[in-house]
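Reading through the structure tokens given below for one structure.
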Protein chains: 2
Amino acid sequence: MIDSRLHVLRVVATRGTVTAAARDLSYTPSAVSHQLRGLARDLGVTLLEPDGRGVRLTAAARILLERSDELYARWEEIHAEVAEADPEASGAVRLCGFSTAAAALLPSVAARVRLVHPQSTARIIEADPAECFDLLLAEQADLAVVIAVPGLPSTTDPRFEQESVLDDPLDLLVPADHPLAARSSVLLREAADESWILDRPGSTFHQLTQTACATAGFSPFVAHEAAEWETGAALVDAGLGVSLVPRLARLPGGYRITRVPLRGDPTPARHIRSSIRRGSRRQPLIATALTALGEAARRTTAGGPAAPSYG
Amino acid sequence: MIDSRLHVLRVVATRGTVTAAARDLSYTPSAVSHQLRGLARDLGVTLLEPDGRGVRLTAAARILLERSDELYARWEEIHAEVAEADPEASGAVRLCGFSTAAAALLPSVAARVRLVHPQSTARIIEADPAECFDLLLAEQADLAVVIAVPGLPSTTDPRFEQESVLDDPLDLLVPADHPLAARSSVLLREAADESWILDRPGSTFHQLTQTACATAGFSPFVAHEAAEWETGAALVDAGLGVSLVPRLARLPGGYRITRVPLRGDPTPARHIRSSIRRGSRRQPLIATALTALGEAARRTTAGGPAAPSYG
DNA sequence: GAGATCGTGCAATCATCTTGCATGATCGAT
DNA sequence: ATCGATCATGCAAGATGATTGCACGATCTC
């Protein structure tokens with residue numbers, strides 16, 4: 001609704017070069033260059049200046065981006081008001097989230113939306129947290145469920161409205177015959193000397209595990225890398241190490257493994273947040289999805305955001 | 001910058017039918033229908049409902065239009081801020097106005113803009129007052145100089161910012177040997193029994209003359225209709241009647257005619273207003289043009305808006 | 001100084017929108 | 001009630017604008 005070239009400019013601003021932005025947007029650098037040239041012409045100002053072999057945003061371009069955040073938010077509010085005024089508004093809501101959320105939370109949200117708004121459709125997109133925010137901005141998704149990890153937009157970012165959904169506690173995954181398997185709960189540092197099975201470096205959960213271990217005062221010895229929970233479970237079953245799994249992650253049966261809840265202060269957990277484009281809260285489909293997300297979170301065995309608790 | 005389909009919807013709203021809106025926009029009805037269909041699809045709401053053989057806007061569509069006024073104004077403000085941030089902003093400013101303004105006021109405004117902003121261009125478009133507002137909304141003009149006549153958007157219309165520029169007093173045009181020609185000023189009603197030469201019915205100035213005569217307490221006997229000042233002057237010269245001309249209108253020489261200033265309370269005059277899209281006041285080019293317009297008004301022999309005066 | 005990376009311009013290609021016409025529906029007048 | 005006029009919309013063909021692929025000049029790194 002608002003000129004998409006503003007979004008192109010925004011991506012150029014965050015990525016720093018036209019070429020990188022083009023990659024992100026699935027365009028060619030030539031197309032990006034052309035679009036921004038046209039935008040600058042329409043506005044009558046210079047937006048980009050050559051800077052070495054890259055480009056630099058002018059002051060005018062930075063002001064444009066800063067102010068346009070508010071414009072986008074205002075548009076979302078208008079969209080919400082308009083949708084509220086139409087009793088039989090149809091449309092689609094697109095939910096995105098990291099894998100566990102996509103599996104554990106979003107299906108029931110989608111089902112709820114379909115139930116409340118029969119005219120509508122709900123799509124689920126599995127994506128990394130950072131990618132989720134890009135999807136929101138590109139209007140390719142309307143609601144994101146992400147884990148709080150460093151590098152994400154802050155909760156006060158004017159482009160988004162974010163709120164806590166759930167604290168997903170972490171369990172220690174050990175072989176069934178492991179000394180810690182009989183315990184009802186353990187401190188993370190009790191596993192400091194174990195061999196560890198982590199996700200692939202660079203992944204969200206790898207980072208999360210490292211952070212949790214660092215908080216517990218040690219640095220894990222990484223024996224193996226497993227991208228999927230299933231692989232990790234198999235490796236633990238084989239006695240090759242221990243691992244952390246979030247409570248929400250459902251593990252396949254058939255392995256001789258045990259989940260032992262972690263305790264500590266605070267309890268090691270993934271902080272799961274919802275995020276929407278600022279101003280879109282009142283859109284009927286999104287409002288329903290947010291409510292359903294909260295209910296889905298409350299139904300899980302994991303604790304809620306305010307009072308994380310377990311057994 | 002903001003989706004042009006909103007403007008299409010707005011024209012449909014004011015004109016009442018898709019076909020009429022298409023005429024105004026120089027589109028085919030099919031194109032208008034398509035655009036609004038796409039807009040409704042993107043928003044997920046119904047915008048138009050069949051109503052007889054025409055269409056009716058839904059409540060959602062009316063809310064959309066109402067709110068979008070503010071969005072447009074906000075965008076103009078952002079545009080202004082961005083342009084201010086660029087010291088060498090280029091661009092074009094397009095000035096529109098009725099014929100006399102186009103001839104008497106706008107050239108010096110355009111010259112001033114070119115002088116202050118050498119990088120920029122200024123275009124002048126001659127258009128009727130009602131048309132001027134359409135040009136503003138369609139972003140085909142940035143500053144309009146119009147006469148206050150019934151049917152124009154009110155001065156509080158959220159889409160525009162309007163202010164008085166000039167009160168252009170009306171003169172009575174009589175043959176040089178007419179009894180009133182020797183007077184330094186006359187009351188309009190002193191010419192009540194004359195034969196009158198008016199502009200074509202439906203034109204702005206025809207309406208203005210009729211209104212002035214009605215205010216003076218008579219209804220003029222219309223002997224002839226002349227669309228151009230030149231034609232009117234020739235008819236007066238030929239002794240076929242009298243006429244009203246605004247002070248700003250320059251008459252060609254060579255006719256044996258006399259302009260006699262009108263007096264009265266209030267002095268019969270055309271109220272000339274400037275109008276811009278709300279929020280665009282601070283755009284450098286527009287700000288310069290507004291200032292230059294005020295100066296040009298002050299330089300005229302006609303009176304200013306606050307203290308209309310003559311001789 | 002060589003190689004790599006970057007931004008931009010130009011012609012060819014592709015997608016999207018617009019047009020023209022046909023259809024179904026409604027309103028007004030005879 | 002019937003005919004003609006007006007209106008909105010769908011579909012295929014055509015036009016307009018955007019994107020691509022490639023080339024060039026400039027810049028940075030080793």
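Convention: sequence-line order gives letters A, B, ...; per-chain numbering from 1.
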Could you list all the salt bridge (Lys or Arg N to Asp or Glu O under 4.0 Å) pairs where at least one residue sits in residues 10-22 of chain A, not counting sequence neighbours?
A:Arg10-A:Asp69, A:Arg15-A:Asp24, A:Arg15-A:Asp134
Quick test of your reading: applying salt bridge (Lys or Arg N to Asp or Glu O under 4.0 Å), list the pairs with at least one residue in residues 32-42 of chain A, sequence neighbours left out, ordered by first then second residue.
A:Arg5-A:Asp42
I need the minimum non-hydrogen distance between A:Arg56 and A:Pro50, along with the two atoms involved.
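Scanning both residues completely, I find the closest heavy atoms to be NH2-O, 3.9 Å.
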Heavy-atom pair with the smallest gap, counting every atom of B:Leu143 and B:Ala289
CD2-CB, 3.8 Å
Any ion pair linking B:Glu161 and B:Arg278 (charged N to carboxylate O, less than 4.0 Å)?
no
Is B:Glu77 paired with B:Arg282 through a side-chain N to carboxylate O contact shorter than 4.0 Å?
no
Going by salt bridge (Lys or Arg N to Asp or Glu O under 4.0 Å), name the residues that satisfy it together with [X], two or more places apart in sequence or in a different chain.
X	result
A:Asp86	none
A:Glu131	none
B:Glu81	A:Arg67

Which comes earlier along DNA chain D counting from the 5' end, the contact point of A:Arg5 or that of B:Val55, where each point is its nearest nucleotide?
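Closer to the 5' end of DNA chain D: B:Val55.
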Please name all residues satisfying ring pair (Phe, Tyr, Trp, His ring centres under 6.0 Å) with B:Phe205, sequence neighbours left out, ordered by chain then number.
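So B:Phe205 forms a ring pair (Phe, Tyr, Trp, His ring centres under 6.0 Å) with B:Trp229.
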For the helix from C:dG1-D:dC30 to C:dT30-D:dA1, measure the angle between the helix axis at one end and the axis at the other, each built from five pairs, rounding to 10°.
30°
All pairs passing ring-ring contact (aromatic ring centres under 6.0 Å, His included) where residues 22-63 of chain A contributes a residue, at least two apart
none
Any pair counted as ring-ring contact (aromatic ring centres under 6.0 Å, His included), so long as it reaches residues 121-153 of chain A, sequence neighbours left out
A:Phe133-A:Phe160
For a 4.0 angstrom threshold against heavy atoms of chain A, report the outermost contacting nucleotides of DNA chain D in 5' to 3' order.
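Answer, 5' to 3': D:dT19 to D:dC28.
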Ordered by number, residues from residues 7-31 of chain B within less than 4.0 Å of DNA chain D (heavy atoms) are B:Thr17, B:Val18, B:Thr19, B:Pro29, B:Ser30
Check DNA chain D against residues 33-52 of chain B and give the residues with a non-hydrogen atom under 4.0 Å, in numerical order.
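Close to the strand are B:Ser33, B:Arg37.
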